[in-house]
Amino acid sequence: MKSIRLAFASLALCAIAAPALSQDLYGTLKKARDSKTFTIGYREASFPFAFYDDQKKPVGFAVELCTRIAEEVKAELKMPDLQVKYLPVNPQTRIPLLTNGTIDIECGSTTNNLARQQQVDFTYSFYVTGNRLLASKASGIKEIENINGKSIGVAAGTSNERILNTLIEELKLKPRIVTVKDHAEGILALETGRIDAYMHDEVGQFGLLSKSSQKAKFEVVGRLLSFDPYGLMIRRDDSAFKFVANRTLAKIYRSGEVYTMFKKHFDPFGIPMTPAVDWTFKLNAMPD
């Protein structure tokens, strides 16, 4: 009889302890609960992933994904009044602002690579692309090998810059490199003749070209020069928040809603879905 009473007592203690354990939050979820705020960092000119609309409101495919994750965080914390803030970032500030806690997730066109994984972590991929050149038609540039003696622009602190420098070394090329703050400055440099070509991911190039007032003067040229899977950047060692973010993406992919979202954000730029992107959605549509 005594052993039965002890068993019931143990079960009662477990029942009491369970709710308390569920409150033992850490990382981003704890930060959001304590500050009553979740902050999304976004890029201002990463078309069609993250950029300003005519009302200076952050929009784009990655922005919508991050916003959906923010809504899932509200539900996870049972905090419907959790404030969601948006803060612009650029290639130089995005990692420092994430690691120091200023932002909680970064949405733009950031490549998930091993070098970055030493500092940050990533959600499931949401796009796959590769580097190409956006060149002035007058420059005669058709492939990376044609950039000798030409001025090539690239955004500082990006994987594009690293890939460009690697190719220049491997192919023994001799261009003049012009680093810019971000992609908006890159297309401006191309339009004003400061550079002959701009190095960026293929999808971003078509986005920049579609927004240019001088699009007839430029073209996306050459072969793909890299493999670049995009992910939403989050802090390292934060598996609880990473699970919430990935669960959100998996639901969107699995339901097929992602294809409607894709058309909404990519069709205005004339960017088609590639087989690689389609398979990215399918491979990350994790079951419940």
Side-chain angles (χ1 to χ4, degrees), residues 18-43 46 48-51 53 57-89 94-95 97-99 101-110 112 116-117 120-128 229-266 277 280-288:
L21 289 172
S22 69
Q23 300 305 311
D24 291 340
L25 297 174
Y26 63 92
T28 300
L29 294 179
K30 182 179 187 302
K31 176 177 174 291
R33 183 194 64 185
D34 294 348
S35 66
K36 299 179 175 57
T37 303
F38 182 82
T39 304
I40 296 171
Y42 67 94
R43 298 285 292 279
S46 286
F49 301 101
F51 57 98
D53 65 10
K57 177 185 175 183
V59 294
F61 185 63
V63 171
E64 185 168 358
L65 293 176
C66 283
T67 301
R68 291 287 292 275
I69 289 169
E71 292 301 315
E72 195 75 12
V73 170
K74 288 183 181 182
E76 182 77 9
L77 298 176
K78 297 179 173 58
M79 294 177 66
D81 296 328
L82 181 73
Q83 185 178 6
V84 179
K85 294 183 177 179
Y86 296 83
L87 184 73
V89 299
R94 56 188 169 180
I95 290 179
L97 290 178
L98 180 68
T99 56
T102 302
I103 63 171
D104 297 309
I105 192 168
E106 187 258 355
C107 51
S109 53
T110 300
N112 179 358
R116 289 197 177 115
Q117 286 181 28
V120 297
D121 201 353
F122 290 85
T123 64
Y124 291 151
S125 296
F126 65 89
Y127 200 83
V128 175
Y230 291 173
L232 304 172
M233 197 161 54
I234 60 177
R235 281 181 283 276
R236 287 188 67 182
D237 305 319
D238 195 353
S239 60
F241 173 59
K242 184 176 181 177
F243 172 76
V244 171
N246 283 340
R247 183 179 64 194
T248 306
L249 295 178
K251 285 179 182 177
I252 294 170
Y253 297 167
R254 192 171 62 243
S255 68
E257 184 184 359
V258 68
Y259 296 102
T260 302
M261 292 170 62
F262 187 95
K263 286 179 66 66
K264 169 186 170 183
H265 294 290
F266 287 76
V277 174
T280 294
F281 298 150
K282 286 181 168 63
L283 290 171
N284 290 307
M286 298 293 175
D288 283 332

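Just so we're clear, the structure is a prediction, and the values are computed from it rather than from any experiment.
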Legend entry - Heavy-atom closest pair, residues Cys66 and Cys107: SG-CB, 2.9 Å
Legend entry - Nearest heavy atoms of Lys74 and Leu82, plus distance in Å: CE-O, 3.1 Å
Inset, instruction - Any chance you could lay out the side chain to side chain contact (heavy atoms under 4.5 Å, CB included) test for Gln83 and Lys36, step after step, and finish with the verdict? - result: CA-CA 6 Å; Gln83 185 178 6; Lys36 299 179 175 57; over 6 Å; no
Inset, instruction - Taking the side chain as every heavy atom from C-beta outward, state whether Glu106 and Leu232 have any pair of such atoms under 4.5 Å apart. - result: no
Inset, instruction - Measure the spacing between OG1 of Thr37 and NZ of Lys85 and express it to the nearest 0.5 Å. - result: 5.0 Å
Inset, instruction - Measure across Tyr42 and Ala50 and return the closest heavy-atom pair with its distance rounded to 0.1 Å. - result: CB-CB, 4.4 Å
Inset, instruction - Measure across Ser125 and Asn284 and return the closest heavy-atom pair with its distance rounded to 0.1 Å. - result: O-ND2, 3.7 Å
Inset, instruction - Indicate whether any N or O donor in one side chain lies under 3.5 Å from an N or O acceptor in the other, for Tyr230 and Ser46. - result: no
Legend entry - Full working for side chain to side chain contact (heavy atoms under 4.5 Å, CB included) between Phe126 and Leu249: CA-CA 8 Å; Phe126 65 89; Leu249 295 178; 5.6 Å; no
Inset, instruction - Please step through side chain to side chain contact (heavy atoms under 4.5 Å, CB included) for the pair Tyr124 and Leu283, ending with a clear verdict. - result: CA-CA 10 Å; Tyr124 291 151; Leu283 290 171; over 6 Å; no
Legend entry - Spatial distance of atom CZ (Arg33) from atom CE (Met79) [nearest 0.5 Å]: 8.5 Å
Legend entry - Crowding at NZ, Lys30 (>12 non-hydrogen neighbours, <6.0 Å): no
Legend entry - Heavy-atom check, side chain of Met261 versus side chain of Leu65, under 4.5 Å: yes
Legend entry - Pairwise distance CG(Leu25) to CG(Leu77) - rounded to 0.5 angstrom: 6.0 Å
Inset, instruction - Dump the intermediate steps for side chain to side chain contact (heavy atoms under 4.5 Å, CB included) on Phe262 and Val277, then the final yes or no. - result: CA-CA 10 Å; Phe262 187 95; Val277 174; 4.0 Å; yes
Legend entry - Within-4.5 Å side-chain heavy-atom neighbours: Phe243 and Leu29: no
Legend entry - Asp24 and Tyr26, any side-chain heavy atoms less than 4.5 Å apart: no
Inset, instruction - Would you check if Thr102 and Thr39 make a side-chain contact, meaning some heavy-atom pair closer than 4.5 Å? - result: no
Legend entry - Note: Lys251-Glu257 ion pair, threshold 4.0 Å (strictly below): no
Legend entry - Output field: ring centroids Tyr259/Phe281 closer than 6.0 Å: yes
Legend entry - OG1-CG distance between Thr110 and Leu98, expressed to the nearest 0.5 angstrom: 10.0 Å
Inset, instruction - Could you point out which residue of Asn246, Thr123, Ile105 forms a side chain to side chain contact (heavy atoms under 4.5 Å, CB included) with Phe241? - result: Ile105
Legend entry - Carboxylate-amine/guanidinium contact Arg68 Glu71, below 4.0 Å: no
Legend entry - Phe49 and Phe266 aromatic centres sub-6.0 Å: yes
Inset, instruction - For residues Gly101 and Arg235, report the shortest heavy-atom separation together with the two atoms involved. - result: CA-NH1, 3.6 Å
Legend entry - Test item: side-chain donor near acceptor, Thr280 and Tyr253, under 3.5 Å: no
Inset, instruction - Using a strict 4.0 Å threshold on nitrogen-to-oxygen distance, state whether Arg254 and Asp288 make a salt bridge. - result: yes
Legend entry - Taking every non-hydrogen atom, the tightest pair across Ala70 and Phe38: CB-CD2, 3.7 Å
Legend entry - Spacing of Phe122 atom CZ and Gln117 atom CD [to the nearest 0.5 Å]: 6.5 Å
Inset, instruction - Mark yes or no for whether Asp238, through its side chain, and Thr28, through its backbone, hold a donor-acceptor pair below 3.5 Å. - result: yes
Inset, instruction - Answer yes or no: is there an ion pair linking Asp104 with Lys31, defined by an N-O contact shorter than 4.0 Å? - result: yes
Legend entry - Residue pair Leu87 / Ile40, side-chain heavy-atom distance below 4.5 Å: no
Inset, instruction - Indicate yes or no: does Arg247 engage Glu76 in a salt bridge with an N to O separation below 4.0 Å. - result: yes
